[in-house]
Amino acid sequence: WISRAEFYSGNTGLSFCSTSWQRSDVSQDSKFYQKKDQYKTVIPHLKADNTLIWIEVRGQVIERNDQGDVMLFVGVNVDITDNYNLRRELERLQLSNKLAIRAREMMTWSQEITHSAKDMMVFGNHLFEAKLGIQRNEQKMFSYKDIFRTVVRDSKEDKHRFKMLTDAIKNIYRGTEQSYDRILVKHKHEKTGEILFIEHSLGSIPSKTNHSSKLIGGVLLDVTAQINQEQKIRFLASHDTLTGLHNRLYFDDFQKQLAKDYTLYLFDLDGLKLGNDIYGHQFGDLLISKAATVLKDVFMKAQLIARIGGD
């Protein structure tokens with residue numbers, strides 16, 4: 001296409017270019033306005049049927065007046081939508097690799113944002129539906145608010161974890177931080193109610209296909225099994241396996257932290273050895289468990305109930 005200076009007054013028939021540039025927020029800082037005679041840019045264009053395509057515009061200034069204003073220039077517009085989308089997908093894959101994503105095991109999401117992006121719609125893989133019950137639309141997208149909806153915020157610790165996640169997301173979007181690793185958050189499956197512990201990792205990289213945007217993405221790793229195992233180990237380290245009461249090790253540590261004045265009750269089961277000898281140790285274990293249940297019912301307001309010996 002060829003155009004003279006009236007292009008700038010809006011009288012040109014090249015509505016394609018003017019609408020495209022307006023939609024892509026081309027600023028006075030572009031190469032065209034920096035008095036350079038050659039330029040190349042990629043711009044989005046919305047067709048009459050509301051289909052979004054990407055156009056590569058290349059131009060050459062032919063004539064300027066004495067003040068340096070463009071009087072005549074020529075250009076070519078090339079539809080690069082397919083190639084552009086392929087490169088964007090490649091960048092998403094590169095971001096995934098950078099975050100060490102293995103899609104078969106992790107929930108992954110990504111979003112290309114521009115300076116004017118306001119929505120929170122992101123691309124996500126199928127595991128969001130399986131793990132958290134989050135439904136994706138036909139474009140395999142969902143809102144990040146859907147993830148927030150599954151977060152458990154019952155306890156003070158839960159709320160603290162959620163704040164860490166939201167702060168990290170804000171910093172990534174603002175560009176003040178480039179990545180975050182392994183933010184542990186408790187979630188609940190929207191359909192089954194199953195409680196899950198999820199580690200969130202986030203990151204961003206600049207887009208090579210559109211310099212005014214960047215790619216933001218993350219992975220969510222289900223670590224519920226590991227967390228449950230760790231909790232079980234911590235429980236066994238401080239509790240008696242037979243009664244569920246705290247054990248001698250925990251009791252000794254707890255006692256050291258108490259004030260000087262406190263009341264301590266010690267209980268002993270008479271005849272336990274005789275019961276073991278006559279009816280077997282399973283009978284003795286049953287007596288100990290029953291005694292523990294009685295103590296918990298009677299001393300409900302006690303600071304600590306522990307089994308510190310054999311009986």
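Leu52 and Thr81 make their closest contact through O-CG2, 4.4 Å (heavy atoms, listed as atom of the first residue, atom of the second, distance). Closest non-hydrogen pair, Asn171 versus Tyr180, comes out as ND2-OH, 2.9 Å. In terms of heavy-atom proximity, Ile305 sits nearest to Lys296 at CD1-CA, 3.8 Å. Of all the heavy atoms in Ser289 and Thr243, the pair that sits closest is CA-CG2, 4.3 Å. For Asp79 against Trp54, the heavy-atom pair with the smallest separation is OD1-O, 3.4 Å. For the pair His246 and Leu304, the tightest heavy-atom approach, listed with the atom from each and the gap, is ND1-CD1, 3.3 Å.
At a threshold of 4.5 Å between non-hydrogen side-chain atoms, the residues His189 and Lys131 do not count as touching. Counting only heavy atoms from C-beta outward, the side chains of Leu184 and Ile227 approach each other to under 4.5 Å. At least one side-chain heavy atom of Leu236 sits less than 4.5 Å from a side-chain heavy atom of Thr241. In this structure the side chain of Met107 reaches within 4.5 angstrom of the side chain of Asn125, judged on heavy atoms. At a threshold of 4.5 Å between non-hydrogen side-chain atoms, the residues Leu266 and Asp268 do not count as touching. Looking at heavy atoms from C-beta onward, Phe197 lies in side-chain contact with Arg161 at the 4.5 angstrom threshold.
Panel note: side chain Asp285, backbone Leu242; no donor-acceptor pair is recorded below 3.5 Å. Proximity of a side-chain donor or acceptor of His160 to a complementary backbone N or O of Lys156 within less than 3.5 Å is not detected. A donor-acceptor pair under 3.5 Å is absent between the side-chain atoms of Asp277 and the main chain of Leu274, judged by distance alone. No donor-acceptor pair closer than 3.5 Å links the side chain of Ser201 to the backbone N or O of Val219. Side-chain atoms of Arg307 come within 3.5 Å of backbone atoms of Gly309 as a donor-acceptor pair (strictly under, hydrogens ignored). With hydrogens and angles ignored, the 3.5 Å screen pairs a side-chain donor or acceptor of Arg248 with a backbone N or O of Ile308. The closest donor-acceptor contact from the side chain of Thr176 to the backbone of Ile172 lies at 3.5 Å or more, if one exists at all.
Looking at Glu157 and Lys159, no side-chain N of the basic residue comes within less than 4.0 Å of a carboxylate O on the acidic one, giving no salt bridge.
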Exercise. Taking it one step at a time, do Lys256 and Asp252 satisfy salt bridge (Lys or Arg N to Asp or Glu O under 4.0 Å)?
Worked result: CA-CA 7 Å; Lys256 296 175 183 178; Asp252 289 342; over 6 Å; no
For this session: Test ring pair (Phe, Tyr, Trp, His ring centres under 6.0 Å) on Trp109 and Tyr144 and set out the steps.
Result: CA-CA 9 Å; Trp109 64 270; Tyr144 210 89; 4.9 Å; yes
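Because its NZ or CZ atom is not both nearer than 6.0 Å to the ring centre of Phe142 and within 45° of the ring axis, Arg136 does not count as a cation-pi partner of that residue.
The ring-ring contact (aromatic ring centres under 6.0 Å, His included) check on His200 picks up His187, with sequence neighbours excluded.
Residues Phe267 and Leu245 fall within the same hydrophobic cluster, defined by Ile, Leu, Val, Met, Phe, Trp and Tyr side chains chained together at heavy-atom separations under 4.5 Å. Taking hydrophobic clusters as Ile, Leu, Val, Met, Phe, Trp and Tyr residues chained together by side-chain heavy-atom distances below 4.5 Å, Met164 shares a cluster with Leu196. There is no path of hydrophobic side-chain contacts, each under 4.5 Å, that joins Leu264 to Phe299.
A donor and an acceptor atom, one from each side chain of Gln111 and Tyr173, are located under 3.5 Å apart. Using modelled atom types and a 3.5 Å distance limit, the side chains of Tyr262 and Gln255 yield a donor-acceptor pair.
Summarising the local packing, CD of Gln282 is surrounded by 12 or fewer heavy atoms from other residues, nucleotides or ligands at distances under 6.0 Å.
Using cut-offs of 30° and 60° on the angle between ring planes, the pair Phe162 and Phe148 is perpendicular.
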